[in-house]
Amino acid sequence: MADLLQEIEAELSGDNKVVEKQNIGVVREIGDGVAKIEGLTRAKLNEMLDFGHGVTGLALNLEQTEVGAILLGDYSGINEGYEVRATGKLLQVPVGKGLLGRVVNMLGEPLDGKGPIKSDVAYPVEKIAPGIIRRKPVSQSVQTGIIAIDAMIPIGRGQRELIIGDRSTGKTTICIDTIINQARLNKAAEDAGDKEYRPLYCVYVAIGQKQSSIARVINVFEEAGAMPYTIVLASPACDPAADQYMAPFAGAAMGEWFMDNGMDALIVFDDLSKHAAAYREVSLVLKRPSGREAYPGDVFYLHSRLLERAARVGESMATARLPPCQSSKRKPATCPLTFQPTSFPLPTARSFWKRICFYQGVRPAINVGISVSRVGSAAQIKAMKQVAGKLKGELAQFRELAAFAQFGSDLDARTQAQINRGKRIVEIFKQQQYNPVAVEVQVATLWMVQNGYMDAVPVERVKEFQSKAVDFLTQGNRSCSQKSSKNVPSMTP
């Protein structure tokens with residue numbers, strides 16, 4: 001009897017079973033990238049859900065009897081009756097310098113066939129924006145390489161910039177030019193051994209675009225040597241709406257890693273109109289209440305919580321900037337200031353692009369009159385401030401005088417001189433795509449036109465004069481040019 005009791009005690013002592021409590025539900029309905037789940041009574045908003053078979057979901061609708069979730073990835077193997085488990089975690093994506101030069105999807109999985117991503121750090125896609133105490137005023141420039149932007153509506157490190165306008169007017173081209181210019185500046189600083197220059201890494205988020213368009217952009221980056229400093233996050237039109245909805249948040253998380261580690265990053269969302277359309281599709285399938293043009297009522301909050309994550313944080317928190325440029329296509333309207341409901345009411349710098357300017361040969365087709373810079377000269381180097389201070393006013397006067405001169409009235413010499421000067425300024429602003437101009441060349445060109453050195457040059461030959469003058473400055477005086485360009489990246493306003 002004693003032996004039997006000892007055997008039972010030995011078996012009980014060796015049986016260390018652990019009771020684990022899990023939140024498990026069952027798929028009641030699935031379709032269009034959305035699943036309705038019963039039984040997940042303790043699920044939380046934006047919590048990751050494990051559907052099995054390598055499929056991840058995200059809880060968006062928390063109702064009394066069921067949970068509405070969006071499905072990420074290929075969900076063709078998921079059917080009604082499948083078990084779903086709550087993970088208690090937020091959706092995370094890999095981050096770090098290992099993503100530079102790679103093309104990934106919204107989950108951080110590689111799409112370029114170059115092997116797995118080398119990253120051991122993950123960030124949540126949803127994150128609270130930095131508070132007001134952490135932020136610092138925007139005072140350092142993002143050199144876009146576009147003369148019209150750098151001179152009249154400059155962009156600073158840490159601010160938001162909305163690029164809005166008609167279709168096919170060059171909005172994406174401006175973003176690509178900016179990324180190419182950052183890569184050139186980063187490479188020049190590396191070659192010169194400049195330790196004071198802060199490289200600006202780029203994240204390009206393509207939302208709802210054709211795969212051929214994304215491939216063309218990637219090819220441009222590779223030819224320009226910009227890929228080593230750029231992360232491309234692609235969510236093409238063939239992806240489910242849920243993937244397109246989460247893509248900008250994943251891109252913001254990848255950029256925030258640079259900010260949290262004392263580096264600078266530029267994010268381009270191309271474009272948020274398609275992002276809002278994807279969110280509308282997801283919301284309608286989830287049967288959320290719809291508002292104007294069937295967009296849900298929180299479409300403004302959707303973009304505000306995304307873009308408020310852009311900031312320049314304080315010195316004690318590792319100074320870093322995260323400026324996003326978001327592109328938005330405007331539907332044709334009689335008033336150029338008519339916004340879509342997807343355009344967010346944030347204190348954002350805005351640049352407007354007009355089709356009529358594009359067809360008139362003014363490319364980039366920016367409408368300077370109604371474009372706004374929130375930081376102004378605070379995001380310009382000292383040399384640019386001196387030559388571009390009165391440029392916007394002179395261009396506005398030229399527009400008014402040119403419209404008046406169309407009536408054929410006789411003009412006095414002073415008015416005619418202003419019109420002639422304005423025509424040459426407009427010619428100076430015309431640029432070839434994917435060919436950003438160095439800031440020292442911009443300053444020299446603007447100084448020449450402002451001081452009358454181009455007044456005697458026929459308008460149709462201004463670009464030729466500009467090209468030869470730039471060649472003289474950069475090649476004929478190579479030592480002076482190298483000295484000035486070396487000092488440009490570290491120059492502060």
Side-chain angles (χ1 to χ4, degrees), residues 18-75 78-95 105-109 121-131 235 240-254 256-257 260 275-276 278-290 296-309:
V18 178
V19 179
E20 185 178 4
K21 191 175 182 181
Q22 289 187 338
N23 192 10
I24 301 177
V26 178
V27 177
R28 181 182 67 82
E29 178 184 345
I30 186 170
D32 297 323
V34 170
K36 301 293 181 65
I37 308 161
E38 293 179 339
L40 290 178
T41 55
R42 294 184 301 277
K44 298 178 177 61
L45 185 67
N46 290 329
E47 183 179 359
M48 286 180 63
L49 305 177
D50 183 11
F51 284 78
H53 304 278
V55 179
T56 301
L58 205 64
L60 283 188
N61 270 22
L62 304 181
E63 303 175 8
Q64 291 184 350
T65 58
E66 63 184 16
V67 173
I70 58 174
L71 301 172
L72 306 175
D74 184 11
Y75 56 88
I78 306 299
N79 297 313
E80 297 178 5
Y82 275 48
E83 282 191 353
V84 183
R85 300 174 185 269
T87 63
K89 301 178 182 178
L90 293 175
L91 180 63
Q92 295 183 333
V93 293
V95 296
N105 62 8
M106 59 81 48
L107 293 175
E109 300 170 344
V121 183
Y123 263 34
V125 296
E126 291 273 9
K127 192 176 180 182
I128 298 176
S235 183
D243 289 10
Q244 297 180 39
Y245 158 62
M246 293 303 302
F249 296 97
M254 295 175 184
E256 279 179 326
W257 180 87
D260 293 343
H275 177 238
Y279 182 59
R280 173 175 62 180
E281 181 179 342
V282 169
S283 299
L284 291 176
V285 175
L286 287 172
K287 297 183 179 180
R288 289 184 171 185
S290 59
D298 61 343
V299 68
F300 293 110
Y301 174 65
L302 168 74
H303 288 153
S304 65
R305 78 172 190 263
L306 169 67
L307 299 172
E308 284 292 344
R309 294 160 72 174

[Y] side chain reached by [X] side chain, heavy atoms, under 4.5 Å:
{"X": "L60", "Y": "V282", "value": "yes"}
{"X": "T56", "Y": "L49", "value": "no"}
{"X": "F51", "Y": "V27", "value": "yes"}
{"X": "N61", "Y": "K287", "value": "no"}
{"X": "R305", "Y": "E126", "value": "yes"}
{"X": "V84", "Y": "V26", "value": "no"}
{"X": "P94", "Y": "V121", "value": "no"}
{"X": "Q92", "Y": "L107", "value": "no"}

Heavy-atom pair with the smallest gap, counting every atom of [X] and [Y]:
{"X": "A250", "Y": "V125", "value": "CA-CG1, 3.9 Å"}
{"X": "E308", "Y": "P130", "value": "O-CD, 4.2 Å"}
{"X": "A242", "Y": "I70", "value": "CB-CB, 3.8 Å"}
{"X": "P124", "Y": "A253", "value": "O-CB, 3.6 Å"}

Interatomic spacing from [atom1] in [X] to [atom2] in [Y] - rounded to 0.5 Å:
{"X": "S290", "Y": "L284", "atom1": "OG", "atom2": "CG", "answer": "6.0 Å"}
{"X": "M48", "Y": "R85", "atom1": "CE", "atom2": "CZ", "answer": "14.5 Å"}
{"X": "T41", "Y": "L62", "atom1": "OG1", "atom2": "CG", "answer": "11.5 Å"}
{"X": "D243", "Y": "L71", "atom1": "CG", "atom2": "CG", "answer": "9.5 Å"}
{"X": "I24", "Y": "E83", "atom1": "CD1", "atom2": "CD", "answer": "5.0 Å"}

Look at [X] together with [Y] and state whether they make a salt bridge at an N to O cut-off of under 4.0 Å.
{"X": "E256", "Y": "R309", "answer": "yes"}
{"X": "K89", "Y": "E47", "answer": "no"}
{"X": "K36", "Y": "E63", "answer": "no"}

### Message
Would R28 and E80 count as a side-chain contact (heavy atoms from CB on, under 4.5 Å) here? Give the steps.
### Response
CA-CA 5 Å; R28 181 182 67 82; E80 297 178 5; over 6 Å; no

Would the distance check show the side chain of [X] and the main-chain N or O of [Y] forming a donor-acceptor pair, the cut-off being under 3.5 Å?
{"X": "D298", "Y": "Y301", "value": "no"}
{"X": "S283", "Y": "R280", "value": "no"}
{"X": "Y75", "Y": "V55", "value": "no"}

### Query
Hey, is CG on D50 packed in by over 12 heavy atoms from elsewhere, all under 6.0 Å?
yes

### Message
The test is side-chain contact (heavy atoms from CB on, under 4.5 Å); show your working for L58 and N46 and say whether it passes.
### Response
CA-CA 5 Å; L58 205 64; N46 290 329; 4.3 Å; yes

### Query
side-chain contact (heavy atoms from CB on, under 4.5 Å) between L72 and M246: does it pass, once the steps are laid out?
CA-CA 9 Å; L72 306 175; M246 293 303 302; 4.2 Å; yes

### Task
Start with the C-alpha distance between V93 and F249, add both sets of side-chain angles, then the distance that settles side-chain contact (heavy atoms from CB on, under 4.5 Å), and finish with yes or no.
CA-CA 10 Å; V93 293; F249 296 97; over 6 Å; no

### Task
Verify the ring-centre separation between H53 and Y82: is it less than 6.0 angstrom?
yes

### Query
When the ring planes of H275 and Y245 are compared, do they come out parallel, tilted or perpendicular, using 30° and 60° as the limits?
parallel

